[in-house]
Amino acid sequence: MTWPAIVDRDPVTIAIGTSGAAPTLARLLRARIESVVPPAVAALASLGESWRARVKARLTHPAARARFWERFFEGPVGEAALAGDGPAAERHARDLLDGAASAGPPAGHVHLVGAGPGDPELLTLRAQRLIRAADVIVYDRLVSAEILALARADAERVYVGKRRADHCVPQQEIIATLVEQARRGRRVVRLKGGDPFVFGRGGEEVEGLRAARVSYDVTPGITAAAGCAAAIGVPLTHRDHARTCTFVAGHLKDGTLDLDWAPLAAREQTLCVYMGLATVRQLTARLIGRGLDPGTPVAVVVDGTRSTQKTLFGTLGDIAGRIASLDPSRPAMILIGSVVSIAVDIVDQPAARAPDRRPRERAPYPAHAAA
């Protein structure tokens with residue numbers, strides 16, 4: 001018989017069990033949790049219980065109550081209770097409830113959040129926090145299941161995914177959903193693969209939110225070009241290879257590929273082609289026709305940064321044949337330029353580099369008030 005490791009802060013109880021697989025691990029986890037959950041959390045939980053009836057009577061809007069309790073436990077009330085100052089905690093609780101009751105139903109807000117290329121470890125700290133706090137998450141098909149799993153169990157999830165030439169949920173309907181949810185006083189996270197403002201149609205959603213006078217903010221994410229390039233060791237710029245880097249949509253609104261080809265065929269640059277699997281034959285033919293060397297190195301990264309990532313290398317002249325068996329609906333990044341040769345060299349020496357996914361500091365991003 002095995003027993004779970006218990007962290008007892010009555011009325012708060014935390015149990016760690018491993019179904020008998022690793023009892024020592026459970027014990028070590030218990031020690032870590034005990035170090036960050038102070039004994040005074042019991043007093044904070046009891047204080048919250050004593051205020052439940054008063055809060056329910058004065059705050060009838062569910063969203064208002066949810067906001068109150070978050071501020072109760074994470075603000076001055078919680079700080080005073082954890083410090084052992086019961087009278088101060090009661091005073092702060094009264095002030096907090098009076099303010100919440102006089103404010104009325106909370107205003108909703110929309111967060112446009114970049115989910116990055118798929119690996120949850122590549123989320124910004126701000127994105128993680130917003131996902132965990134969201135009342136509703138509106139997400140597209142490029143958002144991985146691991147990232148969605150960060151959301152609260154009670155958060156509503158609304159799928160609005162699109163595929164190339166198959167916009168199952170029209171953009172105006174997505175905007176209407178964001179507006180409707182915000183007007184209900186909810187915290188809405190619009191999760192987009194990559195970055196909201198890089199081929200993510202985030203600009204259209206911002207325009208819709210402004211027109212509806214709904215407040216919003218934008219949290220950038222690692223765009224697919226940067227994520228996929230880093231995953232295979234390709235620098236997007238390099239003094240010996242590429243002085244410029246150009247992002248290109250592999251298809252336009254009507255599914256065609258009508259681009260300004262002359263600058264795209266310039267040398268000493270890196271081309272990052274989004275959503276281009278279905279048009280790669282046309283893309284490569286146009287670039288070669290404009291004078292780009294057929295021997296230019298090319299990398300195609302499918303499901304970049306995910307456990308299912310697949311990378312194919314070739315040249316501008318032969319890559320269309322190499323990727324003929326790939327599913328054109330899969331998320332893919334096509335990297336074109338001599339910088340790709342650096343990754344090809346590394347493929348033969350996989351121990352020469354190791355991914356570094358340490359979190360980086362971020363700067364705050366301002367919220368934009370409703371007009």
Side-chain angles (χ1 to χ4, degrees), residues 1-52 65-66 69-75 77-86 89 113 115-137 139 143-157 187 189 191 221-222 227 230-231 303-310 350-351 353-362:
M1 179 179 293
T2 60
W3 299 94
I6 301 294
V7 178
D8 187 3
R9 301 286 190 264
D10 185 39
V12 178
T13 303
I14 304 170
I16 306 101
T18 64
S19 299
T24 300
L25 176 60
R27 176 176 57 81
L28 294 174
L29 290 174
R30 174 192 173 187
R32 291 188 183 185
I33 293 172
E34 283 186 321
S35 69
V36 297
V37 180
V41 78
L44 178 57
S46 297
L47 180 65
E49 182 181 23
S50 70
W51 278 83
R52 286 180 63 187
R65 286 200 299 271
W69 286 119
E70 288 176 358
R71 293 166 182 160
F72 183 97
F73 290 115
E74 293 187 341
V77 179
E79 293 172 3
L82 293 176
D85 191 344
V113 176
D119 184 346
E121 291 187 352
L122 296 179
L123 287 170
T124 64
L125 296 178
R126 177 182 172 88
Q128 293 180 48
R129 176 173 60 80
L130 294 175
I131 292 169
R132 291 189 174 107
D135 299 315
V136 57
I137 295 177
Y139 67 100
V143 177
S144 66
E146 294 83 357
I147 290 176
L148 287 174
L150 297 175
R152 302 193 325 248
D154 63 333
E156 182 179 351
R157 293 160 173 80
R187 288 169 298 190
V189 165
L191 262 185
I222 294 177
D303 290 343
T305 77
R306 305 187 189 199
S307 60
T308 54
Q309 176 180 308
K310 182 175 183 179
R353 67 183 178 90
D356 180 4
R357 291 176 178 171
R358 293 171 295 176
R360 300 290 190 261
E361 294 293 329
R362 67 169 178 84

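- By the salt bridge (charged side-chain N to carboxylate O under 4.0 Å, His left out) test, D135 pairs with R67, R152, R187, sequence neighbours left out.
- The shortest non-hydrogen separation linking Q309 to A231 is OE1-CB, 3.4 Å.
- To the nearest 0.5 Å, atoms CG (L123) and OG (S144) are separated by 7.5 Å.
- Between the side chain of T305 and the backbone N or O of D119 there is at least one donor-acceptor pair closer than 3.5 Å.
- When all heavy atoms of L44 and A81 are compared, the closest pair comes out as CD1-CB, 3.8 Å.
- Counting heavy atoms from C-beta outward, L148 and L191 have side chains that approach closer than 4.5 Å.
- S46 pairs by the side-chain contact (heavy atoms from CB on, under 4.5 Å) definition with P11, not counting sequence neighbours.
- Under the side chain to side chain donor-acceptor pair (under 3.5 Å) criterion, S50 pairs with no residue, sequence neighbours left out.
- Scanning both residues, T18 and P23, for their nearest heavy atoms gives OG1-N, 3.8 Å.
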Could you pull out every donor-acceptor pair under 3.5 Å between side chains of residues 27-42 and any protein atom, sequence neighbours left out?
{"from": "R30", "atom 1": "NE", "to": "I6", "atom 2": "O", "distance (Å)": "2.9"}
{"from": "R30", "atom 1": "NE", "to": "E34", "atom 2": "OE2", "distance (Å)": "3.4"}
{"from": "S35", "atom 1": "OG", "to": "R32", "atom 2": "O", "distance (Å)": "2.5"}

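- Here salt bridge (charged side-chain N to carboxylate O under 4.0 Å, His left out) pairs that include residues 8-22, with residues two or more places apart or in two chains, number zero.
- W69 meets the side chain to side chain donor-acceptor pair (under 3.5 Å) test with no other residue; sequence neighbours excluded.
- Residue R306 comes nearest to G118 through the heavy atom pair NE-CA, 3.7 Å, listed as atom of the first residue, atom of the second, then distance.
- Taking all atoms of both residues into account, the shortest heavy-atom contact from A127 to T124 is N-OG1, 3.0 Å.
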How far apart are the C-alpha atoms of F73 and L47, what are their side-chain angles, what is the distance that settles it, and do they pass the side-chain contact (heavy atoms from CB on, under 4.5 Å) test?
CA-CA 10 Å; F73 290 115; L47 180 65; over 6 Å; no
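- With sequence neighbours left out, the side-chain contact (heavy atoms from CB on, under 4.5 Å) criterion links L130 to H111, V113, R126, V189, T219.
- The closest side-chain heavy-atom distance from L125 to Q128 is below 4.5 Å.
- For E156, the side chain to side chain donor-acceptor pair (under 3.5 Å) partners two or more places apart in sequence, or in a different chain, are R186.
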Query raised in the report: Hey, mind stepping through I16 and V7 against side-chain contact (heavy atoms from CB on, under 4.5 Å) and telling me if it holds?
Result: CA-CA 8 Å; I16 306 101; V7 178; 4.3 Å; yes
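- Remark: R52 CZ is loosely packed, at most 12 non-hydrogen atoms of other residues, nucleotides or ligands lying under 6.0 Å away.
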